[in-house]
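Residue indices begin at 1 and follow the sequence shown.
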Amino acid sequence: METKINGTDLLALGYPEGTLIGVALKANAKRTGFSKEEMLSNYALVLENPEAFLEHKIFGKLAQTIIEKANEKPEDFIALNPNPSDFALYGEDKIEEGAIKQMQVAMQLPVTVAGALMPDAHQGYGLPIGGVLATNNAVIPFGVGVDIGCRMALSIYDIPELFYYENEAKFKRELVAHSKFGAGHGFHGQYKSNHEVLDRNEFTEHTFIKNLKDKAWSQLGSSGGGNHFVEFGIIEFATDDAALNIPKGKYVALLTHSGSRGFGATIAGHYTKIAKETCKLPEVARNLAYLDLSFDLGQEYWIAMNLAGDYASACHEIIHTKMEKALGATVLAKVENHHNFAWKEMYNGEEVIVHRKGATPAAKGVMGIIPGSMTAPGFLVRGKGEENAINSASHGAGRQMSRTQAIKTITKNEMQAILKDHGVTLIGAGKDEAPMAYKDIYQVMAAQEDLVDVVAKFTPKMVRMADDGSRED
């Protein structure tokens, strides 16, 4: 059986995102007698010198398409900057080449002001995950991402560590009762939650959003698929923290990670399509198509994006409120931060649009939560305001294996063994979220010591994720 070649393999060779990948994969379907390595070698040669392959029975169509794409220049074609500025790079030795190449392309946009790549970075679509990009009055839907406003939220309870171990069954019961996961899953009838976000004028006045209220309402208070979770853990403060008014010690805490569900995904898909149709960038930068905030379409997306971010926050608020009541606990402190978003911020004395696709805001004094994996600790941090990083830090450990690779190479027994070793109870999740699929959080944190101060360490103890693995709305 032949080993499959996928889009990630081709991206690693330098093929640009977009239609060219599809043409290349069709060529792979015709291969006869070539090993995967031989095919990849040929793919590289075709990309380098397509003219030499125009008559080739397997690669002829691909070669022709490469040449055509290189010569494509519609009347409203937007040229890339041939002399882009450098970008700040943290933890370079642990970042895959594909992510760095994507960031290099992003720096060539004519609207780009500055960029930075965080130590958890890995290849994505358009802007890499872990990419931070400041632009001049332009917003990039794929620079924000599909899961608009995805965020971390932490509630620290007045519950000592020992109480958790003495009452694990109660914590499991409440975790299952007050969380809901996965694609399409939501609440119905009397189980729906209400929140003031649903009363926003955008749901009646915004041309596109007004048709999405029912979807938003049913999924309000739920969590997504993939790497989204609701988990209990123990948070340890090695010293008193005056700003949070929390004494040194160990406390039970609730940590959640999720975004704007199908509501945000629908907004992202709609405006990404519009951006690609109206912003004619070269093929290599097609997924970085942007909307000018001086015009109606840019403002439409900006309003929709901000509502999706507030909706994501409301989802977390509902989960945390339910859990607080169920446990009968007092919340000592709450911390929340989001990524997959764009902000208006000042940089070098001018207002810019800062995209953080899988990156945590880390301006001076700003609190954030950077998780590891279901067995590795996460860290409560306080930003240092490093301008070279555009006031940002990583949003987690970052993947070192693709979902497909993790599913193929990690066994259930291996996953269960590491969970047992760390004393973690797991409810749901697929092998694609196994701890081994993620980078070493300690190495990631070491690479960003200039960006954040660690305030406390959070150790997961009971984790719930979607039963259907990586599937999302």
Side-chain angles (χ1 to χ4, degrees), residues 18 72-85 87 102-103 105-116 125-127 131-146 148-149 200-212 260 263-264 266-311 338-357 359 361 363 387 390-392:
E72 261 186 8
K73 287 194 177 180
E75 190 175 326
D76 50 356
F77 179 80
I78 299 171
L80 298 181
N81 177 5
N83 299 301
S85 302
F87 58 92
Q102 285 185 315
M103 199 68 208
V105 173
M107 295 302 295
Q108 291 183 275
L109 293 178
V111 294
T112 292
V113 175
Y125 290 94
L127 199 62
V132 183
L133 193 72
T135 60
N136 180 23
N137 201 45
V139 62
I140 305 165
F142 247 175
V144 169
V146 174
I148 300 172
R200 294 270 288 269
N201 291 337
E202 293 93 322
F203 280 114
T204 55
E205 298 174 0
H206 192 283
T207 305
F208 185 69
I209 292 173
K210 63 184 180 182
N211 297 316
L212 301 178
S260 49
F263 174 56
T266 305
I267 291 170
H270 177 71
Y271 286 99
T272 295
K273 183 174 182 290
I274 288 174
K276 287 181 177 180
E277 290 171 349
T278 58
C279 179
K280 303 295 179 60
L281 290 167
E283 187 76 8
V284 69
R286 190 164 176 262
N287 283 334
L288 292 167
Y290 52 85
L291 297 169
D292 191 323
L293 288 172
S294 300
F295 297 101
D296 288 348
L297 283 174
Q299 287 299 314
E300 262 187 45
Y301 173 77
W302 189 261
I303 291 167
M305 179 199 72
N306 276 280
L307 179 61
D310 292 342
Y311 172 81
H338 54 305
H339 46 269
N340 289 7
F341 208 68
W343 293 256
K344 289 183 179 179
E345 296 181 6
M346 297 302 294
Y347 180 80
N348 279 344
E350 64 175 318
E351 185 181 81
V352 294
I353 306 301
V354 177
H355 304 74
R356 293 186 179 93
K357 189 177 183 184
E387 193 168 68
I390 317 180
N391 294 320
S392 305

Could you tell me which non-hydrogen atom of [X] sits nearest to which non-hydrogen atom of [Y], and how far apart they are?
X	Y	answer
Gly298	Leu291	CA-CB, 3.8 Å
Phe87	Ala116	CB-N, 4.1 Å
Ala304	His206	CB-NE2, 4.1 Å
Ile78	Pro110	CG2-CG, 3.7 Å
Pro141	Ala289	CD-O, 3.5 Å
Ile148	Gly309	CG2-N, 4.3 Å

In the structure I gave you, are the side-chain heavy atoms of [X] and [Y] within less than 4.5 Å of one another anywhere?
X	Y	value
Lys357	Val144	no
Val113	Tyr347	yes
Phe77	Leu281	no
Thr135	Ile140	yes
Ile209	Arg200	no
Lys210	Glu205	no
Leu127	His355	yes
Glu351	Asn137	no

Please find out if less than 6.0 Å separates the ring center of Phe263 from that of Phe203. yes
Over 12 foreign heavy atoms within 6.0 Å of CG, Asp296: no
Just do the side-chain contact (heavy atoms from CB on, under 4.5 Å) check on Phe142 and Leu288 with the steps written out, would you? CA-CA 6 Å; Phe142 247 175; Leu288 292 167; 5.9 Å; no
Can any side-chain N or O of Thr266 pair as donor or acceptor with the backbone N or O of Gly264 at less than 3.5 Å? no
Check whether Thr272 reaches the backbone of Gly269 with its side chain - one donor and one acceptor, N or O, closer than 3.5 Å. no
May I ask you to decide whether Glu345 forms a salt bridge with Arg356, counting only side-chain N to carboxylate O separations under 4.0 Å? yes
Rounded to the nearest 0.5 Å, what's the gap from [atom1] on [X] to [atom2] on [Y]? Could you check?
X	Y	atom1	atom2	answer
His338	Ser260	NE2	OG	11.0 Å
Leu133	Thr112	CG	OG1	4.0 Å
Leu212	Glu202	CG	CD	12.5 Å
Trp343	Met305	CH2	CE	8.0 Å

Assess whether side-chain contact (heavy atoms from CB on, under 4.5 Å) is satisfied between Lys276 and Asn287, documenting all intermediate values. CA-CA 7 Å; Lys276 287 181 177 180; Asn287 283 334; 2.6 Å; yes
Test side-chain contact (heavy atoms from CB on, under 4.5 Å) on Gln299 and Leu293 and set out the steps. CA-CA 6 Å; Gln299 287 299 314; Leu293 288 172; 3.9 Å; yes
Measure up the Phe208 and Tyr271 rings against each other and bin them: parallel (under 30°), tilted (30 to 60°), perpendicular (over 60°). perpendicular
